[in-house]
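See below for the structure under consideration.
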Amino acid sequence: MRQKRTFDEYLNEGNRLFNIGMYSRALRNFFYALDMRNDDVRPYIGIAESYRAKGMYFDAKRILDEARVKFGINPSIEAAKEFLKRCK
């Protein structure tokens with residue numbers, strides 16, 4: 001059973017794990033953060049970046065497209081989409 005944390009704790013832990021290359025564990029934390037608050041773009045970006053780092057480009061694009069529908073044109077989403085295009 002997982003320990004209950006705050007949105008910010010999950011987001012920070014996801015970023016920390018991403019930065020040390022633990023992408024699957026980072027994904028889990030970003031998804032927990034997204035479950036808590038889907039009105040913030042940061043978990044979507046973290047999920048997309050983790051998928052990209054794992055070579056899961058289709059999934060990264062899918063989550064960014066989902067975020068774009070939800071948030072409209074957003075500089076963070078557009079930057080992540082552009083970076084994803086260059087990585088393929």
Check: Ser24 and Lys54 side chains under 4.5 Å, non-hydrogen atoms = yes
Rounding to 0.5 Å, atoms CZ (Arg86) and CG (Leu84) come to a distance of 10.0 Å
Counting distance only, does the side-chain N/O of Glu78 pair as donor-acceptor with the main-chain N or O of Pro75 below 3.5 Å?
-> no
Please identify each residue that fulfils side-chain hydrogen bond (donor to acceptor under 3.5 Å, both in side chains) with Lys81, with sequence neighbours left out.
-> Asp65
Can we say Glu13 and Arg25 salt-bridge, meaning some charged N sits less than 4.0 Å from an Asp/Glu carboxylate O?
-> no
Go through the steps to decide whether Phe7 and Arg42 satisfy the test side-chain contact (heavy atoms from CB on, under 4.5 Å), and finish with yes or no.
-> CA-CA 11 Å; Phe7 170 81; Arg42 294 174 296 170; 3.4 Å; yes
Can you tell me how far the OG atom of Ser50 sits from the CD1 atom of Ile45, to the nearest 0.5 Å?
-> 11.0 Å
Can you check whether Cys87 reaches Tyr57 side chain to side chain, under 4.5 Å on heavy atoms?
-> yes
Partners passing side chain to side chain contact (heavy atoms under 4.5 Å, CB included) against Ala67 (at least two apart in sequence or in another chain) | Tyr44, Phe71, Ile77
side-chain contact (heavy atoms from CB on, under 4.5 Å) evaluation trace for Leu27 with Tyr23 = CA-CA 6 Å; Leu27 266 171; Tyr23 306 121; 5.8 Å; no
Looking at OH of Tyr32 and CZ of Arg5, how far apart are the two atoms once the value is rounded to the nearest 0.5 Å?
-> 9.5 Å
Does the Asn38 side chain pair with the main chain of Leu34, one donor and one acceptor, at a distance under 3.5 Å?
-> no
Find the distance between CG (Asn29) and CG (Asn12) and round it off to the nearest 0.5 Å.
-> 10.0 Å
